[in-house]
Amino acid sequence: MPTVHAYATPAADALLAPLDIERREVGENDIQIEILYCGVCHSDIHQARNEWGNSMYPMVPGHEIVGRVTAVGSAVTSFKIGELAGVGCIVDSCRTCSQCEAGEEQFCENGMTGTYNSKDKEGHLTYGGYSTHVVVDEKYTLHVSEKLDIKGVAPLLCAGITTYSPLRHWKVSKGQKVAIVGLGGLGHMGVKLAAAMGAEVTVISTSDNKAADAKRLGATHFINSKDLAQMATITNTFHFILNTVSAPHSYDSLLPLLRTDGAMVLVGAPPMPSQVTGFNLIMQRKTLAGSLIGGIRETQEMLDFCAEHSITSDVEMIHINQINEAYERILKSDVKYRFVIDIASLKA
Ligand code: NAP
Ligand code: ZN
Ligand code: ZN
């Protein structure tokens, strides 16, 4: 396939700027997608700036991709030209290990191939969705309903599955009390999904100006985590806490909010280590756990759940040349609630 336009960063301390990249030819199992929209995840910032220490450059971020199929390989059976398609964080895995066989490709024992900042089986660096086209194996491509506004569907491919998967794994259900910590891209999806599963949702946030939104998104209660008196009113309350915070913060201040046998699951991935006081877990048999995105089968299940319940992300659309400014606003918690790039702005 010819060269396509993209936006990339050449180094951890550089801004994103235009770059033309090569996409592979459409192989027999491949789908070529003309990208329409791509969400901006906080993980894009962590990786563009090498905060996790594993970055490869040039980096074209973006793993919340929605577009239309423009070509299919000869062996492709599940997609046709013109259909909508989605791509999340995973574009390949070994397909034979026990995790791949269980549909948990994110835990592939031989290492899954990420949509960007990863090496494919031929050793080529993968490039993400801040670009006009992508070529992906059919098995790692998702079906997207025509029913929903696809601008708001793009963020489901990471923020949606990353919050849906732990809610399902820990069996969050009707009547349970759930707290979502951090009302950003992941957090606002966590609120919508947990509410749709029947949970009573509390948002725990550092931003008082998000209180009205928290209720509109489906939460019943809003607590400012900086107000210790408010925090004291919710000790021993939650069956489940989903922690989406992107920066270092105190887990010890949140664990007392769990009831006996409750679990706090980390999806937020601050680069720095955190301290945890063992007694905060020991005394009431509490669990502190983590969760990584979700497998392809579950991602499709989440997209279908969202189509059925009319759930999309609340988005602020941006032009590709606003991406550096968008990163700065995300770092100030100033996004309601996901930036989505209109990829038409990259084609011009
Ligand atoms: P985001 O939109 O920036 O949301 C993060 C939210 O955390 C902010 O809106 C803010 O909410 C809160 N926050 C920020 N700094 C804080 C601080 N110092 N103390 C307390 N709260 C703070 O980011 P996102 O895209 O949702 O991603 C969140 C995290 O999840 C990132 O670390 C990202 O890399 C990670 N992630 C993990 C996975 C996975 O598979 N586990 C997948 C995707 C993303 P309030 O204003 O409400 O306080
Ligand atoms: Zn992400
Ligand atoms: Zn595998």
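Atoms within each ligand, like the ligands themselves, are counted from 1 in listed order.
- Within the structure, the closest approach of Phe222 to ligand 1 does not fall below 4.0 Å when heavy atoms are considered.
- For residue Cys41, an N/O/S atom approaches the Zn ion (ligand 2) to within less than 2.8 Å.
- Ring geometry, Trp170 versus Phe240: the interplanar angle falls from 30° to 60°, so the pair is classed tilted.
- Within ligand 1, the atoms closer than 4.0 Å to a non-hydrogen atom of Val267 are 30 (O), 35 (C), 36 (N), 37 (C), 38 (C), 39 (C), 41 (N), numbered from 1 in the order shown.
- Of all protein heavy atoms, the one lying nearest to atom 18 (N) of ligand 1 is Ala247 CB, 3.5 Å.
- The residue from Thr244, Leu292, Asn209 that puts a heavy atom closest to atom 28 (C) of ligand 1 is Thr244.
- For the Zn ion (ligand 2), the nearest N, O or S atom contributed by His63 is named NE2.
- Under 2.8 Å from the Zn ion (ligand 2) lies an N/O/S atom of Cys158, whether from backbone or side chain.
- Of the N or O atoms in Val245, none lie within a sub-3.5 Å distance of an N or O in ligand 1.
- Taking every non-hydrogen atom of Ser205 and a distance limit under 4.0 Å, the qualifying atoms of ligand 1 come out as 45 (P), 46 (O), 47 (O), 48 (O).
- Contacts of His42 with ligand 1, taken as heavy-atom pairs under 4.0 Å, involve both backbone and side chain.
- Between the side chain of Ser345 and the backbone N or O of Ile320 there is at least one donor-acceptor pair closer than 3.5 Å.
- In the candidate list Cys158, Gly294, Gly88, Cys158 is nearest to atom 43 (C) of ligand 1, counting heavy atoms.
- Interface of Ile293 with ligand 1, defined as ligand atoms under 4.0 Å from a residue heavy atom, comprises 39 (C), 40 (O).
- When Pro166, Gly182, Gly184 are ranked by how near their heavy atoms come to atom 4 (O) of ligand 1, first place goes to Gly184.
- Contact between Gln106 and ligand 1 is absent, with no heavy atom of the residue lying under 4.0 Å from the ligand.
- Looking at atom 30 (O) of ligand 1, its nearest protein heavy atom turns out to be Gly268 CA, 3.2 Å.
- Between the side chain of Arg285 and the main chain of Asp261, no donor-acceptor pair closer than 3.5 Å is present.
- Counting non-hydrogen atoms of other residues, nucleotides and ligands closer than 6.0 Å to NZ of Lys336 gives a total above 12.
- Between His188 and Tyr337, the two ring planes are parallel [angle under 30°; tilted spans 30° to 60°].
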